[in-house]
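Keep in mind the model is a prediction, meaning the values are calculated, not measured.
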Amino acid sequence: ISKDWELTSENIDSLITKTKLIITAGSGTAVEFVANAVSCIIINNKNSLPSNPLVSTGKSKIWDEVKTNTEFDLKYKFLINYRKNKLKKIEEIAEIYKKYFFSSVKDRDILKIVKF
């Protein structure tokens, strides 16, 4: 990994606002970042089951998955280049993820659950 990369366990909320691309082994975190217009590379471990939570929407535009170092280098360059040239499209894809994976919660909704 390049010296420009940083390994972190920092809070997701603070990372979302200052990160352009994340690398993950696949988790709900990938959905959160993509929904916030952060590009994502998912590392698939050939020795375990894939754990990619993302749907096909936005693949090779805002996110992609890799199995080898060579794939990583190619996909990383492609995603960064796509991001530089088509940020508007990335933001549109992020809105799709927000719409289908997240919903707003209102106080009255919480009260319904609490009364249950």
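For Lys98, the side-chain hydrogen bond (donor to acceptor under 3.5 Å, both in side chains) criterion is met by Glu95, not counting sequence neighbours. Residues passing the ring pair (Phe, Tyr, Trp, His ring centres under 6.0 Å) test with Phe101, sequence neighbours excluded: Tyr97. Phe33 pairs by the ring pair (Phe, Tyr, Trp, His ring centres under 6.0 Å) definition with nothing, not counting sequence neighbours. By the side-chain hydrogen bond (donor to acceptor under 3.5 Å, both in side chains) test, Asn81 is found to be paired with Asn85, residues two or more places apart in sequence or in another chain being considered. Listed by chain and number, the residues in a side-chain hydrogen bond (donor to acceptor under 3.5 Å, both in side chains) with Glu91 amount to none (sequence neighbours excluded). Contacts of Lys59 classified as salt bridge (charged side-chain N to carboxylate O under 4.0 Å, His left out), with partners at least two apart in sequence or in another chain: Glu65. Applying the side-chain hydrogen bond (donor to acceptor under 3.5 Å, both in side chains) rule to Ser60 yields the partners Asp64; only residues at least two apart in sequence or on another chain are considered.
Pro53 and Ala30 make their closest contact through CG-CB, 4.2 Å (heavy atoms, listed as atom of the first residue, atom of the second, distance).
Taking hydrophobic clusters as Ile, Leu, Val, Met, Phe, Trp and Tyr residues chained together by side-chain heavy-atom distances below 4.5 Å, Leu74 does not share a cluster with Tyr76. No continuous path of ILVMFWY side-chain contacts below 4.5 Å connects Val31 to Ile12, so the two sit in separate hydrophobic clusters. Clustering ILVMFWY residues whenever any of their side-chain heavy atoms sit less than 4.5 angstrom apart, transitively, puts Ile90 in a cluster other than the one holding Ile80.
Rounded to the nearest 0.5 Å, atoms CZ (Phe78) and CD (Glu71) are 14.0 Å apart. Rounding to the nearest 0.5 Å gives a distance of 6.0 Å between CD1 of Ile93 and CD1 of Ile62. A distance of 5.5 Å separates NZ of Lys89 from NZ of Lys61, quoted to the nearest 0.5 Å.
More than 12 non-hydrogen atoms from other residues, nucleotides or ligands lie less than 6.0 angstrom from CZ of Phe102. In Asn69, the CG atom is not crowded: 12 or fewer heavy atoms of neighbouring residues, nucleotides or ligands sit closer than 6.0 Å.
Looking at Trp63, its side chain never comes within 3.5 Å of a backbone N or O of Leu79 through a donor-acceptor pair.
The closest side-chain heavy-atom distance from Val66 to Asn44 is not below 4.5 Å. Inter-residue side-chain proximity for Ile43 and Phe72 is flagged as met; some heavy-atom pair is nearer than 4.5 Å.
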Taking distance alone, no hydrogens or angles, what donor-acceptor pairs closer than 3.5 Å link side-chain atoms of residues 15-24 to residues at least two apart or in another chain?
residue: Thr17; atom: OG1; partner: Ser14; partner atom: O; Å: 3.0
residue: Lys18; atom: NZ; partner: Glu10; partner atom: OE2; Å: 3.0
residue: Thr19; atom: OG1; partner: Leu15; partner atom: O; Å: 2.6
residue: Thr24; atom: OG1; partner: Gly26; partner atom: N; Å: 3.3

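Counting only residues at least two apart or on different chains, the side chain to side chain donor-acceptor pair (under 3.5 Å) pairs with a member in residues 28-42 are Ser27-Thr29, Ser39-Arg83.
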